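As the structure is a prediction and not an experimental result, all values here were calculated from the model. Below, each value reflects all heavy atoms present in this structure, side chains not excepted, and no hydrogens, waters or symmetry copies. Each ligand, and each atom within it, is numbered from 1 in the order the structure gives.
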Amino acid sequence: MKLVLLGPPGVGKGTQAVNVKEHFNIVHLSTGDILRSEVKAETDLGKQAKSFMDAGKLVPDELLLQMMDARLRKPDCDPGYLLDGFPRTIPQADGLEQLLEAMGHKLDAVISITANEEELINRLVLRGKTSGRSDDTPEVIRQRLEVYRRQTEPLLDFYSSRKQLKEVDGIGDIPEITERILEVLK
Ligand code: ADP
């Protein structure tokens, strides 16, 4: 099973990703998590990514595409994967499409989890109190939502026109939303 999880910050992608990857026994690739570990390890990539992340901006497409090219070619990805936080821009989606084609892979579906903006802000502010993430402050949250609307939302049309998009309502309790996701994948 090869999946992409799309949705605004705070919609619960990370939480749902864990449940979905366990269900299908596939790897969960969260670009946010991968980048945060690169920052922590002070690698070249981490050093380049940090300032963008702290400002709530996107790390340049070129860096993400290189990183994901290397990652998706590892053997643990052969049985399937769940991409969480990537692609996030049209150039990344184009790059991913080319990469998948080169590897002879095909996405089974792109799941878009939705929630209204008020709910998202409430959840992110709440998470910011305990997450310790440098980008979970009200100012940076606003910026991330703005970046989502401008740069990531166009992917809904991109995947919808390819008949790959499945929408799932992200309001409800966690197991209920997982069920909705598994249902649209049947
Ligand atoms: P959220 O979805 O809650 O905003 P993530 O953990 O997915 O958080 O990402 C955190 C930050 O990592 C983003 O704001 C961005 O700076 C960087 N990032 C993650 N994925 C990508 C990507 N595909 N392209 C560019 N930047 C990314």
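Proximity of a side-chain donor or acceptor of R180 to a complementary backbone N or O of D169 within less than 3.5 Å is detected. Put simply, the side chain of Q92 gets close to the backbone of R88: a donor and an acceptor are under 3.5 Å apart. Under a 3.5 Å cut-off, the side chain of Q66 and the backbone N or O of L63 do not form any donor-acceptor pair.
Near T31, meaning under 4.0 Å from one of its heavy atoms, ligand 1 places the atoms 19 (C), 20 (N), 21 (C), 23 (N). If you number the atoms of ligand 1 from 1 as listed, the ones under 4.0 Å from a heavy atom of P9 come out as 1 (P), 2 (O), 3 (O), 4 (O). If you number the atoms of ligand 1 from 1 as listed, the ones under 4.0 Å from a heavy atom of K57 come out as 15 (C), 16 (O). Residue K13 has at least one heavy-atom neighbour below 4.0 Å for each of these atoms of ligand 1: 2 (O). Per-residue contacts place L35 under 4.0 angstrom from the following atoms of ligand 1 (heavy atoms of the residue considered): 12 (O), 17 (C), 18 (N), 19 (C), 27 (C). Residue-ligand proximity, G85 to ligand 1, at heavy-atom distances under 4.0 Å covers atoms 20 (N), 21 (C), 22 (C), 23 (N). If you number the atoms of ligand 1 from 1 as listed, the ones under 4.0 Å from a heavy atom of Q92 come out as 22 (C), 23 (N), 24 (N), 25 (C).
At least one heavy atom of R127 sits closer than 4.0 Å to an atom of ligand 1. The closest approach between a heavy atom of R36 and any atom of ligand 1 is below 4.0 Å.
Within 6.0 Å of NZ on K50 lie no more than 12 heavy atoms contributed by other residues, nucleotides or ligands.
Of the protein's heavy atoms, R133 NH2, 3.1 Å lies nearest to atom 8 (O) of ligand 1. Regarding atom 11 (C) of ligand 1, its nearest protein heavy-atom neighbour is M53 CE, 4.0 Å. In terms of protein heavy-atom proximity, atom 3 (O) of ligand 1 is closest to R144 NH2, 2.8 Å. Among protein heavy atoms, atom 26 (N) of ligand 1 sits closest to V59 N, 3.0 Å. Nearest protein heavy-atom contact of atom 13 (C) of ligand 1 is R88 NH2, 3.9 Å.
Within the 4.0 Å heavy-atom criterion, both parts of L58, backbone and side chain, lie near ligand 1.
To the nearest 0.5 Å, the span separating CG on D69 from CG on L99 amounts to 4.5 Å. Rounding to the nearest 0.5 Å places CG of D84 at 9.5 Å from OG1 of T15.
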Worked verdict on T43 versus K47 for side chain to side chain contact (heavy atoms under 4.5 Å, CB included): CA-CA 6 Å; T43 62; K47 284 179 195 154; over 6 Å; no
side-chain hydrogen bond (donor to acceptor under 3.5 Å, both in side chains) between E167 and T114, intermediate numbers included: CA-CA 7 Å; E167 282 202 24; T114 59; 4.9 Å; no
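Residue L124 places no N or O, backbone or side chain, under 3.5 Å from any N or O of ligand 1.
A salt bridge links R142 to E139: one of the charged nitrogens lies within less than 4.0 Å of a carboxylate oxygen.
For the pair R144 and Y148, the NZ or CZ position fails the cation-pi test of under 6.0 Å to the six-membered ring centre and within 45 degrees of the ring normal.
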